[in-house]
Amino acid sequence: MLEFLQYLPEVFTPWNFMILVLGTVGGLILGATPGLSPTMAVALLIPFTFHMEPATGLILLGAAYTSTVAGGAVSAILLSIPGAPANIATTLDGNPLAKQGKATSALHYCFISSFVGGVIGVFVLIFFTPTLSQWALGFGPSHLFWVAILGVTVIGTLGSGSVVKGLFSGFVGLWISTIGYDPVLGVERFNYSEHLGGGINIIAALVGLFAIPQVLSMLTPQMMPGGVQKFAMETQSVMTSVKETLQRWKALVVGSFIGVLVGLIPGAGGQIAGLVAYDQTKKLSRNKDMFGKGEPAGVIAAESANNAMVGPSLVPLLTLSVPGSPTAAVLLGGLLIHGLFPGPALFTEHAPVVWTFINSLLVGQLLMCVFGIMIARYSRFVMDIPEFYMAAAITVLAVFGTFSVQNSFSDVFVMMTLGIVMYFASKIGFSPSPVVLGIILGPIAESNFLQGQMIAEVGDGSFNYFFGGPLNIVLVGVVAMSIVYSAYSELKQKKQQRTAQQNDADYRAEQEGV
């Protein structure tokens, strides 16, 4: 149970600790920059870990994951633009606090509550993952095939606003994963161009789908209509902020608890954790009317939830290959690149690497809090960065990072093509997360399906092998339920919107009649 302590010193080796500090500070800056989400930040960094030791590369990605989620609150508070979807709820009370001249206080609440929630989340990861990995030892090819399909359907139905579009995106990703050579027969599949001869490189797909659409969006003039309202940063002692945060312990507890629960649900993500925690904290508060007008408990609940989600979101990823968030889905690509296949054997065959990575998440939470509070006073500079400078920097990183993996211009061509297509697809409501997950989980689903077919040929047949047995039935049922429930939720939400619009129209008609 305390095996993780054995590998804790590995985090403090000079090289690993320097990477952890750089990843944390860089992640805070990237997260604080409008438009740079944690998912895109991790995707951009994956190529730079290619030549690192696996543990060091994962430390960099984990530090960026943790700190960009917290850093996203800076632009949410100062600019009213969430740095990431996980910071949407933070905007509701964070920006009103800044307008009241309490921007520094709001940032302190954010980083302190993120630290508390993040540490709780990592401890859940430490104590629950080995237990679940032992349970996963009983999984065969048919079970892993359904788990891969579950990953695509869950994130497909929760990662976008439409069930149909989410599932379609997931299956497009599965199709893209088949481009190249058949792993069994060795024949070419869907090779329409010489650039596709070796298939689609995961890094090119990750960078293209997440970074290029954001670059094109930054270059559109309507991104920040009306300019940015700038705030003066007041002086606030850290101890006062700690005391005021701990006084709102109910928001901390509710946010951390909900963040852990949502993180364990594959595909849910930080935005759901933050919004649910904010809503529940508001319902339990005696000052309900203050929410949305600058209530510190709103910031504390949202930020403790979206950081508490980080650790648990890796539990299904490390045990079952099912990511708990879109960023965890990208992190899955980083694990595979370093030859680490999530599953039951991960903690036995690669224990030093995995425990060093998890320990770095724990230490990273403390560094994130310390550096976050240190840079809070300089956060006003994010209000001065022109979008076209940021777009140019991201483009350079994307092209350099993609080319450096295989020294291939084809990868850059594929990256740009996927990014441009995704930009126009996002205009009509498609999300890159299901596509990426389809590309990543496609080979896992295909290899386990082929293995299952070979086993079924000498047994009871394919139907009985893939649909028989309690675990297969449960997994197929969960796949079906995830699709049906998401469709039901979408229809219910649309009905509520139509009712609200009708009530609004009736009210206006009544006022005009008077």
Side-chain angles (χ1 to χ4, degrees), residues 17-18 20-34 36 38 41 62-79 82-84 86-87 89-91 93-95 97-98 100-122 231-249 251-252 255-256 259 270 274 294-308 310 360-383:
F17 191 70
M18 187 184 77
L20 180 60
V21 171
L22 288 175
T24 302
V25 176
L28 285 169
I29 295 172
L30 289 173
T33 306
L36 286 180
Y65 184 10
T66 301
S67 54
T68 46
V69 171
V74 175
S75 56
I77 291 170
L78 298 182
L79 306 177
N87 306 112
T90 308
T91 309
D93 280 298
N95 191 248
L97 276 172
Q100 295 168 15
K102 300 176 181 176
T104 304
S105 302
L107 290 171
H108 285 182
Y109 299 148
C110 154
F111 291 115
I112 294 167
S113 56
S114 293
F115 167 71
V116 174
V119 168
I120 293 172
V122 175
F231 308 106
M233 306 295 289
E234 88 280 15
T235 302
Q236 167 87 332
S237 77
V238 177
M239 291 310 299
T240 303
S241 298
V242 171
K243 182 181 176 183
E244 291 177 354
T245 304
L246 294 179
Q247 284 175 341
R248 295 170 174 85
W249 60 271
L252 266 179
S256 302
E295 171 58 48
V299 176
I300 293 168
E303 284 303 310
S304 58
N306 63 32
N307 249 267
V310 171
S360 74
L361 292 176
L362 194 59
V363 180
Q365 296 292 342
L366 179 61
L367 293 177
M368 175 271 297
C369 183
V370 172
F371 287 119
I373 290 174
M374 286 173 64
I375 68 171
R377 68 177 66 178
Y378 306 108
S379 299
R380 60 185 176 82
F381 290 118
V382 304
M383 296 181 272

Chemist: Looking only at heavy atoms, what is the nearest atom pair of S237 and H108, with distance?
Modeler: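 Heavy atoms of S237 and H108 come nearest at O-ND1, 4.2 Å.
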Chemist: What heavy-atom pair brings C369 and I112 nearest, and what distance separates the two atoms?
Modeler: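 Heavy-atom minimum between the residues: SG-CA, 4.2 Å.
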Chemist: Got a second to check how far I300's CD1 is from S113's OG, nearest 0.5 Å?
Modeler: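 One gets 6.0 Å once the value is rounded to the nearest 0.5 Å.
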Chemist: Would you give the length of the straight line joining atom CG of L28 to atom CD1 of I375, rounded to the nearest 0.5 angstrom?
Modeler: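 It is 4.5 Å, given to the nearest 0.5 Å.
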Chemist: With rounding to the nearest 0.5 Å, note down the distance linking OG1 in T66 to CG in L361.
Modeler: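 Atom-to-atom, T66:OG1 and L361:CG are 5.0 Å apart.
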Chemist: Could you grab the distance from atom CE of M368 to atom OG1 of T68, nearest 0.5 Å is fine?
Modeler: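 Rounded to the nearest 0.5 Å, the CE-OG1 separation comes out at 10.5 Å.
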Chemist: Which pair of non-hydrogen atoms, one from A63 and one from G23, has the smallest distance, and what is that distance?
Modeler: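 The pair with the smallest heavy-atom distance is CB-C, 3.8 Å.
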Chemist: What distance do L97 atom CG and T104 atom OG1 have between them, rounded to the nearest 0.5 Å?
Modeler: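 If we round to the nearest 0.5 Å, L97:CG and T104:OG1 are 11.0 Å apart.
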Chemist: Heavy-atom distance under 4.5 Å between the side chains of F17 and L367, does that happen here?
Modeler: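 Sidechains of L367 and F17: in contact.
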Chemist: Minimum heavy-atom separation for E295 and D93, please, with both atom names.
Modeler: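 So the minimum-distance heavy-atom pair works out to N-OD1, 2.9 Å.
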Chemist: Please lay out, stage by stage, how L252 and S304 fare under the test side chain to side chain contact (heavy atoms under 4.5 Å, CB included).
Modeler: CA-CA 6 Å; L252 266 179; S304 58; 4.0 Å; yes
Chemist: How close do G117 and S256 get, heavy atom to heavy atom, and via which atoms?
Modeler: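 Where G117 meets S256 most closely, the heavy atoms are CA-OG, 3.6 Å.
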Chemist: Just checking, is any N or O donor in the side chain of E303 or Y109 under 3.5 Å from an acceptor N or O on the other one?
Modeler: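 There is no such pair (donor and acceptor under 3.5 Å, judged by atom type) between the side chains of E303 and Y109.
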Chemist: Which heavy-atom pair separates F111 from I373 by the least distance, and what is that distance?
Modeler: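 Closest pair (atom of F111, atom of I373, distance): CD1-N, 4.1 Å.
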Chemist: Nearest 0.5 angstrom please: S105 OG to E244 CD, how far?
Modeler: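 It comes to 6.0 Å.
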